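What follows is a set of notes on a single structure, which appears directly below.
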There are 4 protein chains.
Amino acid sequence: MSPLNRKKLDKIRDERTNQIKKAALKIFARYGYLGTKTSLVASEAGISEGLIYKYFKSKDELFTTLIQELMEEAKSELEGLYHLEGSPFDQIRTLTKNMISEENRDAFVLIQRARKDEDVPEKIIPIFKQYSAYNLIDILVPIIVKGQELGEFSNEDPRKLASWYFFIINSICIQEVEKEEYGLPSIDVLMRILKK
Amino acid sequence: MSPLNRKKLDKIRDERTNQIKKAALKIFARYGYLGTKTSLVASEAGISEGLIYKYFKSKDELFTTLIQELMEEAKSELEGLYHLEGSPFDQIRTLTKNMISEENRDAFVLIQRARKDEDVPEKIIPIFKQYSAYNLIDILVPIIVKGQELGEFSNEDPRKLASWYFFIINSICIQEVEKEEYGLPSIDVLMRILKK
Amino acid sequence: MSPLNRKKLDKIRDERTNQIKKAALKIFARYGYLGTKTSLVASEAGISEGLIYKYFKSKDELFTTLIQELMEEAKSELEGLYHLEGSPFDQIRTLTKNMISEENRDAFVLIQRARKDEDVPEKIIPIFKQYSAYNLIDILVPIIVKGQELGEFSNEDPRKLASWYFFIINSICIQEVEKEEYGLPSIDVLMRILKK
Amino acid sequence: MSPLNRKKLDKIRDERTNQIKKAALKIFARYGYLGTKTSLVASEAGISEGLIYKYFKSKDELFTTLIQELMEEAKSELEGLYHLEGSPFDQIRTLTKNMISEENRDAFVLIQRARKDEDVPEKIIPIFKQYSAYNLIDILVPIIVKGQELGEFSNEDPRKLASWYFFIINSICIQEVEKEEYGLPSIDVLMRILKK
DNA sequence: TATGAATGAGGCTTCATTCAT
DNA sequence: TATGAATGAAGCCTCATTCAT
């Protein structure tokens with residue numbers, strides 16, 4: 001086969017893979033693992049149902065791959081936090097903004113559902129274990145401590161405060177905002193959770 | 001049939017109906033509509049698989065009935081709000097406490113899932129319409145306005161503030177708290193959302 | 001539930017299980033593992049396709065169960081050989097008769113296919129290992145040795161002779177005899193394989 | 001197109017056709033009709049999945065063509081029998097040797113499977129009819145009769161004896177010998193089937 | 001000619017629902 | 001009323017076949 005051809009085919013495979021992952025992210029986030037029919041993923045991706053299985057061994061693997069990759073991305077995002085400029089308040093504000101931004105929402109929703117739903121493949125458990133070191137909470141705690149010293153944040157146990165804050169942000173991300181009259185709460189309203 | 005027998009049978013029917021509804025509430029809240037197997041509801045209720053269908057025409061009807069009744073209960077609860085003693089802050093604090101209390105949690109979760117999940121029977125749409133007059137938000141707004149006048153709350157558009165607040169409370173109720181190290185955020189942390 | 005009822009239900013379950021196993025034995029023996037459609041097993045058994053799965057977890061398990069049980073039966077049969085009356089020639093003649101008798105044929109065919117076909121579930125490997133001690137060949141060897149001493153059999157390496165004999169008997173059992181004008185070879189023709 | 005090119009293309013077509021048939025013979029013999037995946041045939045032949053369909057209309061046609069051609073070859077082989085030197089015993093010994101020789105085994109296995117398996121395309125039925133005149137048995141019978149006259153063979157009904165003998169040889173050819181400790185039975189052991 | 005991406009019919013399996021007892 | 005065996009529609013997945021390149 002000519003290298004030109006090979007390149008073109010690789011491109012097609014990449015495109016399809018991404019199409020499927022994009023569609024799957026949307027549908028899984030919306031309907032959950034069980035609620036997601038492969039036929040729906042296929043039609044969202046604009047391909048036939050069978051083609052999915054040329055790219056992923058099973059619905060399970062598609063789901064697991066998605067989670068794995070989203071966790072990897074989340075890790076990068078979180079590592080970036082360390083180098084952010086500004087006060088603790090500003091850092092957390094930026095993080096929050098990223099989490100609730102429309103382009104990341106589905107990803108957060110999916111990870112949340114994967115963590116909480118009961119009907120999800122067991123293979124994701126080791127994935128979450130693998131990334132536990134990049135746990136948002138562990139990263140937030142020192143920032144919150146510093147913020148507390150500066151008087152920017154409330155004086156609860158910093159780990160508990162971080163945990164609750166993250167829990168709330170995650171919880172609202174899981175919702176379908178389209179149905180809400182005013183959309184998601186504004187960042188500054190959310191930041192009050194941390195304040196005195 | 002003797003009236004005595006009739007009475008006894010009626011009692012049995014009532015008992016069974018309640019057993020099934022109680023089991024269904026728990027299972028639906030945990031697994032969602034699609035994720036819930038009627039066989040699991042039956043075994044949770046301690047009855048045979050077929051019996052559910054002597055009391056409810058279908059899984060769909062069981063779900064819809066549950067939602068209908070929970071909405072009715074929620075309505076009473078909300079009407080009670082008007083007669084609560086104390087400042088606006090205290091009133092909302094009490095409401096919040098009820099919403100996130102363990103005994104009501106499943107009910108809130110289920111209503112939330114019914115509102116948000118995509119895989120739910122369409123028959124519930126008119127139910128939510130029917131109770132829109134008892135919308136939590138409409139009831140909260142005047143309380144918040146009063147609270148703002150008293151300086152207890154932040155000065156955003158009161159309807160928007162109420163909407164966001166309710167949205168957040170609902171969102172966190174939907175989560176499975178058991179997996180959280182620190183449980184649900186404390187009421188007072190949540191109340192900060194409304195504060196200046 | 002009344003004990004009477006329980007008994008009746010147990011009877012039904014036993015009957016169904018046997019119906020399914022009987023049908024499956026016939027169809028698996030005829031079409032092989034892959035060639036067997038669960039729908040065909042169901043219709044051969046006179047039940048719906050879904051019911052199979054109330055009695056067996058999967059086509060795989062149905063197949064494996066069948067093999068397991070047939071091996072167990074074969075073991076009894078073989079243990080019985082030790083106590084047979086008559087000369088070595090008579091003993092092997094009796095065994096051969098059993099193997100090629102119509103009522104055992106499907107069982108032999110199925111075991112053969114399970115051993116040889118490439119498309120069979122891997123779970124059967126340990127089953128065959130488990131029964132290797134009851135290997136027909138090991139049992140035949142001493143009988144053949146004795147027969148050789150008595151001049152009844154040919155003087156090849158007894159293990160090789162047993163192996164070949166068994167191989168031939170098994171091979172012909174696997175065929176569908178219905179299509180043969182003269183049916184299976186007669187026992188005495190087969191016994192010539194062992195003779196001088 | 002130049003005649004030269006035409007010639008070259010014809011050569012390619014012939015090569016490909018043979019590659020595919022050779023691969024198909026091996027795979028069909030091993031896995032049976034249903035168990036054979038066209039993708040596996042393609043990779044065994046070292047070509048792409050789609051190319052098979054430029055040379056054969058379908059898996060069915062590939063299979064049928066193979067059977068047709070193998071029958072034709074078998075016919076030649078059998079016609080050659082008439083001109084073989086030696087006693088009846090020697091003639092049948094030679095035939096047997098050819099049948100069980102490694103290079104012909106796959107062909108015999110495939111024909112056998114085609115005759116016996118239930119999951120095979122119906123189109124092969126007329127092929128077998130077409131070659132019934134060259135039926136091995138019809139050819140064997142006069143040789144056996146002659147052998148009986150010479151006292152080389154047992155005195156059963158010669159047609160029945162031929163039929164059984166062929167049946168046994170065919171049956172053992174179908175097996176996968178690789179798994180057997182001692183391989184196929186030796187020719188002389190097999191020939192005993194015909195002897196007194 | 002040759003490739004391999006794409007399709008869709010059909011098989012295995014689950015589970016809401018019905019039915020005989 | 002209560003049971004659980006039985007059904008069959010619908011979902012996941014495989015693979016023979018087609019099609020664009």
Side-chain angles (χ1 to χ4, degrees), chain A residues 1-2 4-6 8-10 12-13 15-16 34-42 46-62, chain B residues 5 8-9 12-13 15-16 34-42 46-60 62, chain C residues 1-2 4-6 8-10 12-13 15-16 34-42 46-62, chain D residues 5 8-9 12-13 15-16 34-42 46-60 62:
Chain A
M1 191 192 302
S2 74
L4 212 70
N5 224 340
R6 157 58 56 112
K8 208 192 280 174
L9 286 179
D10 278 358
I12 287 180
R13 288 198 71 82
E15 275 175 14
R16 278 315 153 269
L34 249 186
T36 290
K37 302 171 194 177
T38 53
S39 59
L40 190 53
V41 173
I47 60 171
S48 71
E49 209 177 338
L51 192 57
I52 291 177
Y53 294 87
K54 282 279 182 2
Y55 292 84
F56 298 90
K57 268 208 289 287
S58 63
K59 180 179 169 181
D60 183 330
E61 197 204 72
L62 173 55
Chain B
N5 259 340
K8 212 193 279 174
L9 287 180
I12 288 181
R13 282 201 73 82
E15 273 175 15
R16 287 294 166 278
L34 252 182
T36 290
K37 302 173 194 176
T38 53
S39 58
L40 188 54
V41 174
I47 59 171
S48 71
E49 259 179 88
L51 194 56
I52 290 179
Y53 292 86
K54 291 286 193 306
Y55 291 85
F56 298 90
K57 263 209 295 285
S58 63
K59 180 180 172 179
D60 183 330
L62 171 56
Chain C
M1 192 192 304
S2 76
L4 212 69
N5 225 339
R6 159 55 58 111
K8 209 193 277 174
L9 287 178
D10 277 359
I12 287 181
R13 288 197 72 82
E15 275 174 15
R16 279 313 154 270
L34 249 186
T36 291
K37 302 171 194 175
T38 53
S39 59
L40 190 54
V41 173
I47 58 171
S48 72
E49 211 176 339
L51 192 56
I52 292 177
Y53 294 87
K54 282 280 183 3
Y55 291 85
F56 298 91
K57 268 208 290 286
S58 63
K59 180 181 169 178
D60 183 330
E61 197 204 73
L62 173 55
Chain D
N5 257 341
K8 210 191 283 175
L9 286 180
I12 288 181
R13 283 201 71 83
E15 274 175 14
R16 287 293 167 279
L34 252 182
T36 290
K37 301 173 195 177
T38 53
S39 59
L40 188 54
V41 173
I47 60 171
S48 71
E49 258 180 88
L51 195 55
I52 290 178
Y53 293 86
K54 290 287 193 306
Y55 292 85
F56 298 91
K57 264 209 295 282
S58 64
K59 179 180 174 180
D60 183 331
L62 171 56

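Side chains are part of it too, since the values below use all heavy atoms of this structure and drop only hydrogens, waters and symmetry mates. Quick caveat: nothing in here was measured; it's all calculated off a predicted structure. Each chain gets a letter, A, B and so on, in the order the sequences are listed, and its residues count up from 1.
When the side chain to side chain contact (heavy atoms under 4.5 Å, CB included) test is applied to B:Tyr53, the partners found at least two apart in sequence or on another chain are B:Thr38. Not counting sequence neighbours, the partners of D:Lys57 by the salt bridge (Lys or Arg N to Asp or Glu O under 4.0 Å) test are D:Glu61. Every side chain to side chain contact (heavy atoms under 4.5 Å, CB included) that D:Leu40 has, sequence neighbours left out, goes to D:Ile27, D:Tyr31, D:Lys37, D:Ser43. Applying the side chain to side chain contact (heavy atoms under 4.5 Å, CB included) test to B:Ser48 and every residue at least two apart in sequence or in another chain returns B:Leu51.
Counting non-hydrogen atoms under 4.0 angstrom, B:Ile52 reaches nothing in the nucleic acid. Backbone-only engagement by B:Ile12 is indicated by non-hydrogen atom pairs under 4.0 Å involving sugar-phosphate atoms exclusively.
Taking only side-chain nitrogens and oxygens, A:Arg16 never comes nearer than 4.0 Å to OP1 or OP2 of E:dA5.
DNA chain F contains the following stems of three or more consecutive Watson-Crick or G-U pairs, with both distances under 3.5 Å: E:2-21 with F:2-21.
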Inset, instruction - Treat primed atoms plus P, OP1 and OP2 as sugar-phosphate and everything else as base, then score nucleotides 14-21 of chain E 5' to 3': B for base contact with protein heavy atoms under 4.0 Å, S for sugar-phosphate contact only, - for none. - result: BSSBB--S

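With E:dT1, F:dT1, F:dA6 as the choices, the nucleotide that has an atom nearest any side-chain atom of C:Tyr55 turns out to be F:dA6.
If you measure from atom CD1 of D:Ile47 to atom C1' of E:dA2, you get 9 Å, rounded to the nearest angstrom. For the pair A:Arg6 CZ and E:dA2 P, the interatomic distance rounds to 18 Å; values are reported in whole Å.
Heavy atoms only, all atoms of each residue included: C:Leu34 and D:Leu34 are closest at O-CD1, 4.5 Å.
The structure places CD1 of C:Ile47 at 11.0 Å from NZ of C:Lys54, a figure rounded to the nearest 0.5 Å.
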